[in-house]
Number of protein chains: 2
Amino acid sequence: MIEVGIVEDNVKIRNLIQRYLDMQDNMSCKIAMDSVEEMLEYLKVHKPPNVMLMDIQLPGMSGIKGIEIIKKEYPSVEIMMLTIYHDSHKIFDSLVAGASGYLLKHTSLPEIKESIENLVQGGAPMSPQIARKVIQHFNQPKPEHKPESDLTAREQDIVNGLVDGLSYKLIADRFDISIDTVRAHIRNIYKKLHVNSKAEVIAKSLRGEI
Amino acid sequence: MIEVGIVEDNVKIRNLIQRYLDMQDNMSCKIAMDSVEEMLEYLKVHKPPNVMLMDIQLPGMSGIKGIEIIKKEYPSVEIMMLTIYHDSHKIFDSLVAGASGYLLKHTSLPEIKESIENLVQGGAPMSPQIARKVIQHFNQPKPEHKPESDLTAREQDIVNGLVDGLSYKLIADRFDISIDTVRAHIRNIYKKLHVNSKAEVIAKSLRGEI
DNA sequence: GAATAAACCGCATATTTATGTGATCTCATC
DNA sequence: GATGAGATCACATAAATATGCGGTTTATTC
């Protein structure tokens with residue numbers, strides 16, 4: 001039996017979902033609050049549900065802040081957002097805060113039910129549009145870098161050595177070349193990157209600017 | 001009509017999928033190669049398909065590298081991975097490279113078909129398990145740091161100076177303290193972090209390990 | 001009120017880094 | 001076959017870093 005809790009301030013929607021879910025023979029939905037504060041009050045003296053449906057726009061504390069607190073106190077609760085917001089920022093914040101699913105409010109009741117089942121089985125239910133936005137996050141950083149640094153393969157080797165915290169001597173050993181060669185490469189690297197210390201090279205490299 | 005291309009080296013699987021998709025009345029699947037290289041060769045003189053199914057383990061170039069090249073040359077192609085790998089690393093790499101969907105090979109043919117339709121409508125088809133892994137990425141950074149480094153505020157100031165590429169002298173100037181004090185702090189920082197060079201401190205810091 | 005931690009300062013020195021100048025060899029390009 | 005870029009090596013030196021030792025002052029804690 002999956003126990004489901006709801007935090008949603010729209011009474012009509014809340015009652016509708018609660019009744020529908022409670023009617024299912026593999027679910028029970030007795031806990032329905034219209035604010036995070038109330039839910040936290042409830043959880044102080046009761047066992048947490050398995051799954052919690054959470055709105056974002058709520059009286060008092062926002063649902064996103066709510067996720068953080070609830071996940072911290074009761075990490076085993078699976079939280080699914082159920083909201084009208086589909087902007088990347090809210091989606092991202094919700095996931096970072098600890099939500100595992102994200103549905104839009106126009107989702108049909110049977111789909112909500114399925115998503116809850118999916119969630120407890122280790123899935124991460126999202127509408128395809130939401131999934132696409134999540135994925136777009138991975139493609140963002142790309143267009144950022146246009147590094148014309150243009151280091152040679154050998155020079156990149158040396159940079160990697162520096163990033164690994166090696167001294168010139170150890171870099172020389174690693175590549176079986178003389179320390180003066182390492183110096184020569186580093187001189188050229190500095191010229192190309194317009195820097196004049198190891199520190200700057202390491203920082204640039206780890207920031208993805210090379 | 002959705003035109004679908006396939007890059008998959010297992011002939012049996014490739015033919016099976018190709019025939020099935022080509023049989024659908026809203027799809028056409030004429031382009032099926034067993035390596036990225038062949039696909040690139042083909043694309044030089046033919047119009048790219050709308051959707052491309054891509055394996056990861058391939059003879060020659062890997063599918064992940066393939067995504068990068070194809071997305072760069074033909075950004076409008078929607079790429080969906082179809083692979084046996086379900087480790088976070090491969091999933092992540094694929095998405096960063098530009099894939100928009102990620103299915104496991106045991107997915108049924110009708111589900112593949114649905115996923116393709118979903119993809120062209122702006123969705124991001126993934127199995128629930130994959131979606132969960134993607135989402136876990138957002139929760140990762142949290143438990144990551146358990147750094148008992150425990151630097152004092154002043155020590156953190158100094159570290160920031162190092163990361164900014166400053167010399168001891170410049171750090172001393174920045175905080176209006178003597179260079180010997182900077183040395184003293186750095187000595188303590190090295191002790192706490194178990195390192196013995198600026199380079200390592202900078203690397204640790206930029207990796208979020210402080 | 002003793003102990004501890006943090007921030008501050010100084011002196012000394014060995015090691016490492018940054019930078020200059022100059023050279024040889026290979027490979028690709030024109 | 002000259003030109004140029006890349007990789008290799010050498011010698012030299014000033015500057016910066018790493019590390020040892022020592023110390024004072026000011027909070028906070030027990």
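On a predicted model such as this, the values are computed, not experimentally measured, just so you know. Naming convention: chains lettered A, B, ... in sequence-line order (proteins, then strands); numbering from 1 in each chain.
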| task | Round to a whole Å and report the spacing from CD1 of A:Ile158 to C1' of D:dA7. | result | 10 Å
| request: Would you mind reading off the distance between B:Ile171 atom CD1 and D:dT17 atom C1', rounded to a whole angstrom? | output: 11 Å
| Which whole-number value in Å describes the distance from A:Lys192 NZ to D:dA7 C1'? | 11 Å
| field | Residue-phosphate contact under 4.0 Å: A:Thr152 side-chain N/O, D:dA7 OP1/OP2 | value | yes
| Atom-to-atom span, CD1 of B:Ile189 to C1' of D:dT19 - whole angstrom | 14 Å
| query | For C:dC8, does OP1 or OP2 lie under 4.0 Å from any side-chain N or O of B:His185? | reply | yes
| Tell me, for nucleotides 11-30 of chain C in 5' to 3' order, what letter each nucleotide earns: B for a base near a protein heavy atom under 4.0 Å, S for only sugar-phosphate near one, - for neither? | B-----BBBBB---------
| task | Indicate, with a heavy-atom threshold strictly under 4.0 Å, whether A:Thr181 touches base, sugar-phosphate, or nothing. | result | base
| task | With sequence neighbours excluded, tell me which residues meet ring-ring contact (aromatic ring centres under 6.0 Å, His included) with A:Tyr42. | result | A:His46
| said: Check this for me: does any side-chain nitrogen of one of B:Lys72 and B:Glu68 sit under 4.0 Å from a carboxylate oxygen of the other? | reply: no
| note | B:Glu200 atom CD is separated from D:dT17 atom C1', nearest whole Å, by 13 Å
| request: With sequence neighbours excluded, tell me which residues meet side chain to side chain donor-acceptor pair (under 3.5 Å) with A:Asp173. | output: A:Lys169
| With sequence neighbours left out, what residues match A:Glu41 under side chain to side chain donor-acceptor pair (under 3.5 Å)? | none
| field | Between P of C:dA7 and CG of B:Asn188, the distance in whole Å | value | 9 Å
| A:Arg174 with A:Asp157: basic N within carboxylate O range, under 4.0 Å | no
| said: Whether B:Lys105 and B:Glu8 form a salt bridge (side-chain N of Lys/Arg under 4.0 Å from carboxylate O of Asp/Glu) is what I want to check. | reply: yes
| message | What is the distance, to the nearest angstrom, from the CG atom on B:Asp176 to the P atom on C:dA7? | response | 16 Å
| message | Between B:Gln156 and B:Asn160, do the side chains contain a donor N or O and an acceptor N or O under 3.5 Å apart? | response | yes
| task | May I have the distance from B:Leu193 (atom CG) to D:dT19 (atom P), rounded to whole angstrom? | result | 13 Å
| What pairs of residues pass the salt bridge (charged side-chain N to carboxylate O under 4.0 Å, His left out) test when at least one of them lies in residues 73-89 of chain A, not counting sequence neighbours? | A:Glu78-B:Arg132
| In which stems does DNA chain C show up, taking only runs of three or more Watson-Crick or G-U wobble pairs whose two distances fall under 3.5 Å? | C:1-30 with D:1-30
| Other residues, nucleotides, ligands: >12 heavy atoms within 6.0 Å of A:Lys47 NZ | yes
